[in-house]
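Note sheet for the following structure.
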Protein chains: 2
Amino acid sequence: MNRETAITAAPDAESPLARRLSQYLDLTYSERDALRALEQERHEFEPGDIIAREDEALERMYIVGSGWLHASTHLQDGARQILRFIFVGEIATMFSVAWEYSAATLTAVSRCTLYGFERTTLGQLFREYPRLGALLYAVAAAEQVAMADRLTSIGRTDGMARIATLLLDIRSRLRAVGEISGSQFEVPLTQQDLGDAVGLTKTHIGRSLKALEKTGLVEREGRLIRITDVNALSDIVDFKDRHAHIDTSWIAQKH
Amino acid sequence: MNRETAITAAPDAESPLARRLSQYLDLTYSERDALRALEQERHEFEPGDIIAREDEALERMYIVGSGWLHASTHLQDGARQILRFIFVGEIATMFSVAWEYSAATLTAVSRCTLYGFERTTLGQLFREYPRLGALLYAVAAAEQVAMADRLTSIGRTDGMARIATLLLDIRSRLRAVGEISGSQFEVPLTQQDLGDAVGLTKTHIGRSLKALEKTGLVEREGRLIRITDVNALSDIVDFKDRHAHIDTSWIAQKH
DNA sequence: CGCTGAATTGACTTCGGTCAATTCCTGTGG
DNA sequence: CCACAGGAATTGACCGAAGTCAATTCAGCG
């Protein structure tokens, strides 16, 4: 873990995790406070920085305050698989909740800031704010379904559809956290990265990307991506946004 | 939902969910009782029966009491992807926790019995037994990592390795719930099913399966599978058992 | 004993991988 | 301000793993 700088967060800053969770459930003031308490100690990272390494001990948990990163694994033959991208308001260390070590390597995609806290604090949160516990569980379930979607994309569709799905996914997540200004967005990933995410070679990413452009549904200018007709593309590749809405009616109402 | 028969569970039967969870955390009597309360209404299914259908409303939740099933999705072109297999003591409806509908189709693989309960009961559980909430969260995180493993397998390895990984995974899960007698186990799946699980055609499953047999590490007799050297095969395909152990030290101790 | 769905086998095709050369950027230092 | 270095992208030729299609065999079952 390098380039980290522990600073106390501005006390009045709104918590990114709270912002994200309150999309789904109306939170009380004390619940918001409890979430803010998770974001004491701040760390800054530059693109490419490695936050945690696969199989290495990882005691603390981290929440994304700004920017985005990805989780990946490496095989013996040197191949890499990017498992998921992680955005503002998410628990970056989801892959190490269940063990004393991290099951994946965490790498910064853009400049980003993370907030760290003790793992036992999470246990405390479940104990004192059960609604938040239930909500985190629901979000984890949604995330699992999103991952199942990627599995389907990789297992059963061709190169063009895989990339299209990935771009739609990244777009909708960036939008959800308000990191997209206009109709286009920046994807600071190399073709190698894209390939490792969707299970293709960088060479073939180039070919598929070009084929995708030829359909007219996607435009590209360096690292800037513009999807001209999101609905049309979503229909073609059967993309579903798993984060726009989640049902929390089974969780107790606010008081 | 067909062939269902609502019967009250034998009051002294041990809860499969409790049995599974207590592998990871020492549960109190009242926690065990709370878990047993989830298993009131019982349903029986035959192999091939469909328990829930993708995109259709699914209000209740189901826990697996015996047997196993799988969750799948279907694409417009008729292709199918099996997302995961679900075993005794798991929440079968994980893919519908976050919505009013199911994100996957649930199909019985073997004869199996499920226990249904109201979704709000889950909210209650989080409220009254926060340790169980935290534990369910940890298990969901582990499950997400297991799914990430499958993603890697499908995205970055060849046919033989994909099948080998799948067989090792099924074996270790069947063992975990005590459904394996000797060194071999029954896999009541067609080659089509296996293909839909690992992203290959049924034809190619046949070829890969035969290649796998030729290595001498796997033997096959109809639906019976025997892995002669589990450790050797695990090393070759880099298989990791994500369920043997999970860390719960961050969850409060029993009283 | 014949029917049906699954498994096996073979011939041929294709999508994506491999390898390698070339071009394009972008940042850097003279 | 320009030359240069090095990574990324592009392009092309060729290869191979997996898909497709179809015929044949097998196994369970009424």
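In what follows, chains are A, B, ... by sequence order, proteins preceding strands, each numbered from 1.
Residue A/Lys202 contributes atom NZ, which lies 16 Å from atom C1' of C/dC24 at whole-angstrom precision. Rounded to an integer number of Å, the gap from CG of A/Asp77 to P of C/dG17 is 13 Å. The interatomic distance linking B/His204 (NE2) with C/dT13 (P) rounds to 19 Å, in whole Å. In this entry the distance linking CG of B/Asp193 with C1' of C/dG5 reads 13 Å, nearest Å. Between the CD atom of B/Gln192 and the P atom of D/dG19 there is a distance of 11 Å, rounded to whole Å. Between the C1' atom of D/dG16 and the CG atom of B/Asp158 lies a distance of 12 Å, rounded to the nearest Å. Computed from coordinates, the B/Ile205 CD1 to D/dA17 P distance equals 16 Å when rounded to whole Å. For the pair B/Glu186 CD and D/dG28 C1', the interatomic distance rounds to 14 Å; values are reported in whole Å.
In this structure, A/Arg156 does not reach the D/dA18 phosphate: none of its side-chain N or O atoms is under 4.0 Å from OP1 or OP2. Here B/Arg220 reaches the OP1 or OP2 of C/dT8: one of its side-chain N or O atoms lies under 4.0 Å away. Contact annotation: B/Arg162 side-chain N/O to D/dA17 OP1/OP2 distance is not under 4.0 Å. Between B/Gln191 and the phosphate of C/dT8, there is a side-chain N or O to OP1/OP2 separation shorter than 4.0 Å.
Along DNA chain D, the nucleotide closest to B/Thr157 and the one closest to A/Gly206 are compared, and the more 5′ of them pairs with A/Gly206.
Using a 3.5 Å distance cut-off with no hydrogens or angles, the side chains of B/His243 and B/Arg173 do pair a donor with an acceptor.
In this structure, the nucleotide among C/dA11, C/dA6, D/dA17 sitting nearest to the side chain of B/Arg207 is C/dA11. If you check D/dG19, C/dA7, C/dG16 against the side chain of B/Leu200, the one that comes closest is D/dG19.
Across all strands, A/Thr190 comes closer than 4.0 Å only to sugar-phosphate atoms, never to a base (heavy-atom distances). The residue B/Gly159 sits close only to the backbone: its heavy atoms come under 4.0 Å of sugar-phosphate atoms, none of a base. Residue-level contact check: B/Thr203 touches the bases, meaning some heavy atom is under 4.0 Å from a base atom.
Looking at A/Gln81, its side chain does come within 3.5 Å of a backbone N or O of A/Asp196 through a donor-acceptor pair. Side chain of B/Thr152 to main chain of B/Ala148: a donor-acceptor pair is present (N/O by atom type, distance under 3.5 Å, no hydrogens or angles).
With B/Asp149 as the fixed residue, the salt bridge (charged side-chain N to carboxylate O under 4.0 Å, His left out) test singles out one of B/Arg84, B/Arg162, B/Arg242, B/Arg156: B/Arg242.
Aromatic rings from B/Tyr62 and B/His43 are positioned such that their centres are separated by under 6.0 Å.
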